[in-house]
Enquirer: 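Below is one structure. I have some questions about it.
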Number of protein chains: 2
Amino acid sequence: MEEEGYRLQARMVKALAHSTRLQMLALLQKGELCACEFGPLLGLRQSNVSQHLAVLRKANLVNTRRDGVRVMYTLADERTGEVLDTLGHIARDQFAEAAAALREVATG
Amino acid sequence: MEEEGYRLQARMVKALAHSTRLQMLALLQKGELCACEFGPLLGLRQSNVSQHLAVLRKANLVNTRRDGVRVMYTLADERTGEVLDTLGHIARDQFAEAAAALREVATG
DNA sequence: TCGCTATATTCGCGAATCCTAATATATTAT
DNA sequence: ATAATATATTAGGATTCGCGAATATAGCGA
């Protein structure tokens with residue numbers, strides 16, 4: 001019952017727990033990205049982008065490097081992508097099941 | 001850019017984002033459990049247990065069945081366990097890396 | 001240096017989360 | 001029906017989160 005380990009794990013999961021950050025990580029799965037690209041791609045304001053990126057940084061989910069005036073972001077751990085994929089599958093299947101159940105009710 | 005899919009995924013991840021719920025799911029990985037067992041095992045009050053279980057239920061992360069006066073809980077999707085394991089590994093490795101970095105600084 | 005662009009941080013407020021205590025509901029036994 | 005146990009829900013207040021706006025900070029070129 002290493003309570004403390006779960007606290008660490010929870011801190012990481014909290015950092016994942018926002019649709020914007022999930023989208024950011026999904027984009028990073030395809031490769032390195034400049035901070036400046038998230039705003040236009042996701043329709044977010046600059047400060048909002050920076051705040052979400054800060055959350056990901058503090059959770060060590062991403063790495064950064066400077067390239068002149070820009071800051072480039074990458075996934076810190078390739079297993080993160082794996083986790084996101086699996087979560088996506090579970091969510092999709094849940095949705096499919098719910099839809100099927102609805103159809104069942106509708107068609108009696 | 002299926003924004004909506006990420007919203008669903010985020011809802012699920014939010015349900016995972018608490019150390020108590022992570023512990024509950026870890027317990028369920030070992031098999032079915034009665035609601036009444038979480039309190040004593042995790043040192044939580046009854047209402048708190050029930051609230052956390054409600055979060056897991058609403059996110060379809062667990063299934064329930066009644067057995068008389070008790071309610072038995074199981075993991076809804078075995079892939080959830082897989083996700084939790086991977087997240088645990090990532091968190092542990094992060095911690096190890098941080099510790100190593102600290103040692104480096106200390107021994108300079 | 002100054003100005004310009006890219007990032008990061010801070011502030012303030014509304015919304016969401018979490019906890020305890022209290023109350024409600026459900027199931028079984030007497 | 002009543003009592004007893006197991007669960008669930010509600011109410012409340014404290015803490016945290018998320019956002020926009022404003023304000024730093026950093027690097028680069030004129």
Side-chain angles (χ1 to χ4, degrees), chain A residues 3-4 6-28 32-76, chain B residues 3-4 6-28 32-76:
Chain A
E3 159 74 42
E4 200 52 29
Y6 287 103
R7 225 177 276 284
L8 282 180
Q9 198 174 334
R11 212 187 312 162
M12 187 191 322
V13 176
K14 269 186 226 277
L16 297 175
H18 193 287
S19 66
T20 295
R21 294 194 290 271
L22 289 175
Q23 289 181 79
M24 287 175 153
L25 293 171
L27 287 172
L28 289 176
E32 192 177 48
L33 220 54
C34 167
C36 63
E37 305 188 72
F38 292 104
L41 282 171
L42 303 177
L44 302 172
R45 306 185 186 260
Q46 186 270 323
S47 68
N48 199 3
V49 168
S50 206
Q51 286 168 345
H52 282 300
L53 289 174
V55 172
L56 295 177
R57 257 184 286 125
K58 282 171 189 164
N60 294 309
L61 288 167
V62 295
N63 290 325
T64 62
R65 76 179 171 87
R66 240 192 201 283
D67 180 18
V69 75
R70 317 195 152 190
V71 177
M72 309 298 294
Y73 282 78
T74 49
L75 276 192
Chain B
E3 160 73 42
E4 200 51 30
Y6 288 103
R7 224 177 277 283
L8 282 180
Q9 199 174 332
R11 214 190 308 164
M12 187 190 322
V13 176
K14 268 184 224 280
L16 296 176
H18 194 286
S19 65
T20 295
R21 295 195 289 273
L22 290 175
Q23 289 182 77
M24 287 175 152
L25 293 171
L27 287 172
L28 289 176
E32 192 177 49
L33 219 54
C34 166
C36 63
E37 306 189 71
F38 291 104
L41 281 171
L42 303 177
L44 303 172
R45 303 180 191 265
Q46 185 271 324
S47 68
N48 199 2
V49 168
S50 205
Q51 286 169 342
H52 282 301
L53 288 174
V55 171
L56 296 176
R57 256 184 286 124
K58 282 171 189 164
N60 294 309
L61 289 167
V62 295
N63 290 327
T64 62
R65 76 180 170 88
R66 240 193 202 280
D67 180 17
V69 74
R70 316 195 154 190
V71 178
M72 309 298 294
Y73 281 77
T74 49
L75 276 193

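Proteins get letters first, then strands, A, B, ... in listed order; numbering begins at 1 in each. We use all heavy atoms of the structure for the numbers below, so side chains are in, but hydrogens, waters and symmetry mates are not.
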Enquirer: Between B:His18 and D:dT16, does any side-chain N or O lie under 4.0 Å from OP1 or OP2?
Expert: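 B:His18 to D:dT16 OP1/OP2: no side-chain N or O under 4.0 Å.
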Enquirer: Toward the 5' end of DNA chain C, which comes first, A:Leu53 or B:Val55, by nearest nucleotide?
Expert: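 Nearer the 5' end of the strand: A:Leu53.
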Enquirer: Return the value, rounded to whole Å, for the distance between atom CZ of B:Arg7 and atom P of C:dA16.
Expert: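 Value for this atom pair: 13 Å.
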Enquirer: Is B:Met24 close to B:Thr20 at the side-chain level, that is, under 4.5 Å between some pair of heavy atoms?
Expert: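 In short, these two side chains touch, coming nearer than 4.5 Å.
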Enquirer: Ignoring backbone atoms, establish whether B:Asn48 has a side-chain N or O less than 4.0 Å from OP1 or OP2 of C:dC18.
Expert: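 Checking B:Asn48 against C:dC18: no side-chain N or O falls below 4.0 Å of OP1 or OP2.
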Enquirer: Roughly how many Å is it from NZ in B:Lys58 to C1' in D:dA8, rounded to a whole number?
Expert: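 Rounding to the nearest Å, NZ of B:Lys58 and C1' of D:dA8 are 10 Å apart.
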Enquirer: Please state how far atom CD in A:Gln46 lies from atom P in D:dA26, giving the value in whole angstrom units.
Expert: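 It works out to 15 Å between those atoms.
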Enquirer: From the set C:dT9, C:dA21, C:dA6, return the single nucleotide nearest to any side-chain atom of A:Arg70.
Expert: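 Between C:dT9, C:dA21, C:dA6, the one nearest the side chain of A:Arg70 would be C:dA6.
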Enquirer: Expressed as a whole number of angstroms, how long is the span from A:Lys14:NZ to D:dT16:P?
Expert: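 Taking NZ of A:Lys14 and P of D:dT16, I get 10 Å after rounding.
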Enquirer: Please state whether the phosphate of D:dG18, meaning OP1 or OP2, lies under 4.0 angstrom from any side-chain nitrogen or oxygen of A:Arg21.
Expert: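 Looking at the OP1 and OP2 atoms of D:dG18, one of them is under 4.0 Å from a side-chain N or O of A:Arg21.
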Enquirer: CG of B:Leu61 to OG1 of B:Thr74: how many Å apart, nearest 0.5 Å?
Expert: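 The OG1 atom of B:Thr74 is 11.5 Å from CG of B:Leu61, to the nearest 0.5 Å.
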Enquirer: Taking only N and O in the side chain of A:Tyr73, is any of them less than 4.0 Å away from OP1 or OP2 of C:dA6?
Expert: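 So the side chain of A:Tyr73 is outside the cut-off, no N or O lying under 4.0 Å from OP1 or OP2 of C:dA6.
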Enquirer: For the pair A:Arg21 (side chain) and A:Leu56 (backbone), establish whether a donor and an acceptor sit closer than 3.5 Å, ignoring hydrogens and angles.
Expert: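 Absent.
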Enquirer: Using 30° and 60° as the class boundaries, would you call the ring planes of A:Phe38 and A:Tyr73 parallel, tilted or perpendicular?
Expert: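 It falls in the perpendicular class, over 60°.
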Enquirer: With nearest nucleotide decided by heavy atoms, which residue, B:Asp67 or A:Arg66, maps closer to the 5′ end of DNA chain C?
Expert: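 By nearest-heavy-atom nucleotide position, the 5'-most residue is A:Arg66.
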Enquirer: Tell me: CZ of A:Arg11 to P of C:dT17, nearest whole Å?
Expert: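 Between P of C:dT17 and CZ of A:Arg11: 20 Å.
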Enquirer: Does B:Arg45 have a side-chain nitrogen or oxygen under 4.0 Å from the phosphate oxygens OP1 or OP2 of C:dA21?
Expert: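 Answer is yes, contact under 4.0 Å.
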Enquirer: Output the rounded distance in Å from CE (B:Met24) to C1' (C:dC18).
Expert: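 Distance check: B:Met24 CE to C:dC18 C1' gives 13 Å.
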Enquirer: Does C:dC19 have its OP1 or OP2 closer than 4.0 Å to a side-chain nitrogen or oxygen of B:His52?
Expert: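 The answer is yes; a side-chain N or O of B:His52 sits under 4.0 Å from OP1 or OP2.
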Enquirer: Measuring from the side chain of B:Gln51 (C-beta onward, heavy atoms only), which nucleotide among D:dG20, C:dT20, D:dA6 has the closest atom?
Expert: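 It is C:dT20.
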Enquirer: Hey, does A:Val71 reach any base, or is it just sugar-phosphate, or nothing, if we go heavy atoms under 4.0 Å?
Expert: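 Contact class for A:Val71: sugar-phosphate only.
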Enquirer: With rounding to the nearest 0.5 angstrom, report the CZ to NE2 distance, A:Arg7 to B:His18.
Expert: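 So the CZ of A:Arg7 and the NE2 of B:His18 are separated by 8.5 Å.
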Enquirer: Would you say A:Arg57 places a side-chain N or O within less than 4.0 Å of OP1 or OP2 belonging to C:dT9?
Expert: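 So the side-chain polar atoms of A:Arg57 do come within 4.0 Å of the phosphate oxygens OP1 or OP2 of C:dT9, strictly under.
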Enquirer: C:dC18 P sits how many Å from B:Leu56 CG, rounded?
Expert: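 So the CG-P distance, B:Leu56 to C:dC18, works out to 11 Å.
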Enquirer: Of B:Ala35 and A:Val69, whose nearest nucleotide on DNA chain D comes first from the 5' end?
Expert: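 The residue closer to the strand's 5' end, by nearest nucleotide, is B:Ala35.
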